[in-house]
Amino acid sequence: SELHSNEAQEWSIGIMSRSTISTFQLFALYPDEESARVYLEGRIWPSGPTCPNCGTGERVSTLGTCATRKPGYYRCLSCAFDFTVRTGTVMERSKVPLHKWLYSMYLLVTARKGISSLQLAKEIGITQKSAWFVLGRLREACGGPDSPLDKLRGTVEVDECFVGGKEANKHEHKKLKAGRGSVGKVAVLGMRERGGRTHAMVIPDTGLETIQNEIHGSVEAGTQLYTDEHGAYSDLDGLFFSHDTVNHGAGEYARGSVHTNGIESVWAVLKRGLHGVYHHASPKHLHRYVDE
């Protein structure tokens, strides 16, 4: 199934973004699978059921009247494709009830530092393995690709951070013996639009070419950029961007509106979640935690 469908991204990322209700209210609104199904269908198909195979909604019939079918099953008469609200989303082929998926989404977007699979399993009454599966799928939905036209604009702060254990704290056989600082850690680049969105991604290195390629791919031309004095941000001020820096090496962290405190707050939340909730994220899976 396609994990990054537009529908999946809409309800997994934006479901509670505009307003946050209490857990008590959520349970009252969606106490069972049927109420959650009706809600999700309204979010994903505001104009009625649409076939995820051919994209048409003109010749869709319900299969819920059949003796062997529950409500929520549909057939596209144009291409003879059977589907439900799960089809083509991160919930496809999952036996976890829809109201438990809905509650998992709520917890993921309201728990500031994240939620562990063990805690989620206790909250919604499923096994830890199923909770790990649900969280993994939801993180995949969080990381859907943005439209090329949906670039950051206005005033954007750019910074990088490093995730991983300190060399001094590693077992002797795991030490790289190649220095300190960022040695053995994974680099993450973040760009935060003031008053708007944040783009963050795992990068292979912090070289000038790598970082500037990501900036040009994610930030609209003419944007005001604020960064620290790292050499990879040199030459950004010119044809495409306006660029100002703060000199952290000299103890400068803000000069009027020139600062990177916003994106550094993102790193603070990311690292608190990794240290206090998840404890460890392998380089293989780190991009999913960054998306979250």
Side-chain angles (χ1 to χ4, degrees), residues 111-114 151-170 174-283 286-287 289-292:
R112 181 163 173 79
K113 298 176 184 176
K151 291 186 176 183
L152 303 180
R153 57 184 64 88
T155 300
V156 175
E157 302 171 17
V158 185
D159 192 29
E160 73 285 346
C161 78
F162 298 91
V163 177
K166 296 180 179 179
E167 281 288 292
N169 295 339
K170 294 179 181 178
K174 292 185 178 180
K175 291 182 179 181
L176 298 178
K177 302 184 185 299
R180 298 180 295 175
S182 61
V183 171
K185 297 184 179 182
V186 180
V188 181
L189 179 68
M191 292 160 271
R192 182 171 184 176
E193 180 184 74
R194 288 189 182 173
R197 300 152 296 153
T198 297
H199 288 186
M201 67 287 295
V202 174
I203 54 177
D205 57 73
T206 56
L208 184 146
E209 183 177 357
T210 298
I211 286 182
Q212 293 204 8
N213 283 344
E214 294 291 351
I215 292 174
H216 283 282
S218 298
V219 181
E220 190 177 82
T223 298
Q224 173 67 60
L225 298 181
Y226 292 142
T227 71
D228 58 24
E229 72 281 9
H230 181 40
Y233 304 122
S234 63
D235 301 327
L236 283 173
D237 191 10
L239 181 62
F240 296 102
F241 308 109
S242 296
H243 179 217
D244 283 303
T245 65
V246 286
N247 191 348
H248 289 170
E252 181 185 54
Y253 294 95
R255 190 175 66 257
S257 63
V258 182
H259 61 78
T260 58
N261 296 339
I263 187 63
E264 286 171 8
S265 295
V266 174
W267 301 147
V269 175
L270 171 67
K271 291 188 176 182
R272 281 299 91 206
L274 291 174
H275 294 166
V277 177
Y278 303 124
H279 305 304
H280 172 74
S282 67
L286 179 60
H287 67 283
Y289 292 92
V290 173
D291 290 339
E292 175 194 341

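A quick note: this is a predicted structure, and the numbers were derived from the prediction, not measured.
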Using the side chain to side chain contact (heavy atoms under 4.5 Å, CB included) rule, take E160 and D228 through it: C-alpha gap first, then chi angles, then the decisive distance, then the call. CA-CA 10 Å; E160 73 285 346; D228 58 24; 4.2 Å; yes
Interatomic distance, [X] atom [atom1] to [Y] atom [atom2] [nearest 0.5 angstrom]:
X	Y	atom1	atom2	value
H259	Y253	NE2	OH	14.5 Å
T198	R192	OG1	CZ	5.0 Å
F162	W267	CZ	CH2	10.5 Å
E193	K151	CD	NZ	13.0 Å
L189	D205	CG	CG	11.0 Å
L152	E157	CG	CD	11.5 Å

Counting only N and O atoms by type, is there a donor-acceptor contact under 3.5 Å from the side chain of [X] to the main-chain atoms of [Y]?
X	Y	answer
T210	T206	no
E229	T245	no
E252	N247	yes

Qualifying residues under ring pair (Phe, Tyr, Trp, His ring centres under 6.0 Å), relative to H275, sequence neighbours excluded: none
Where do [X] and [Y] come nearest, in terms of heavy atoms and distance?
X	Y	value
G154	T223	O-CG2, 3.2 Å
V188	V163	CG2-CG2, 4.2 Å
L286	A281	CD1-CB, 4.1 Å
K185	G164	CE-O, 3.4 Å
Q212	S234	NE2-O, 2.6 Å
L270	Y289	CD1-O, 4.1 Å

Check the orientation of F240 and H216. Use parallel for under 30°, tilted for 30 to 60°, and perpendicular for over 60°. perpendicular
Would S257 and R194 count as a side chain to side chain contact (heavy atoms under 4.5 Å, CB included) if you check the C-alpha gap in whole Å, the side-chain angles of each, and the deciding distance to 0.1 Å? CA-CA 11 Å; S257 63; R194 288 189 182 173; 4.0 Å; yes
Applying the side chain to side chain donor-acceptor pair (under 3.5 Å) criterion to H243, which one of D235, T227, D237 satisfies it? T227
V246 vs Y226, test: side chain to side chain contact (heavy atoms under 4.5 Å, CB included). Steps then yes/no. CA-CA 8 Å; V246 286; Y226 292 142; over 6 Å; no
When you look at V156 and F241, which way does the side chain to side chain contact (heavy atoms under 4.5 Å, CB included) test go after all the steps? CA-CA 10 Å; V156 175; F241 308 109; over 6 Å; no
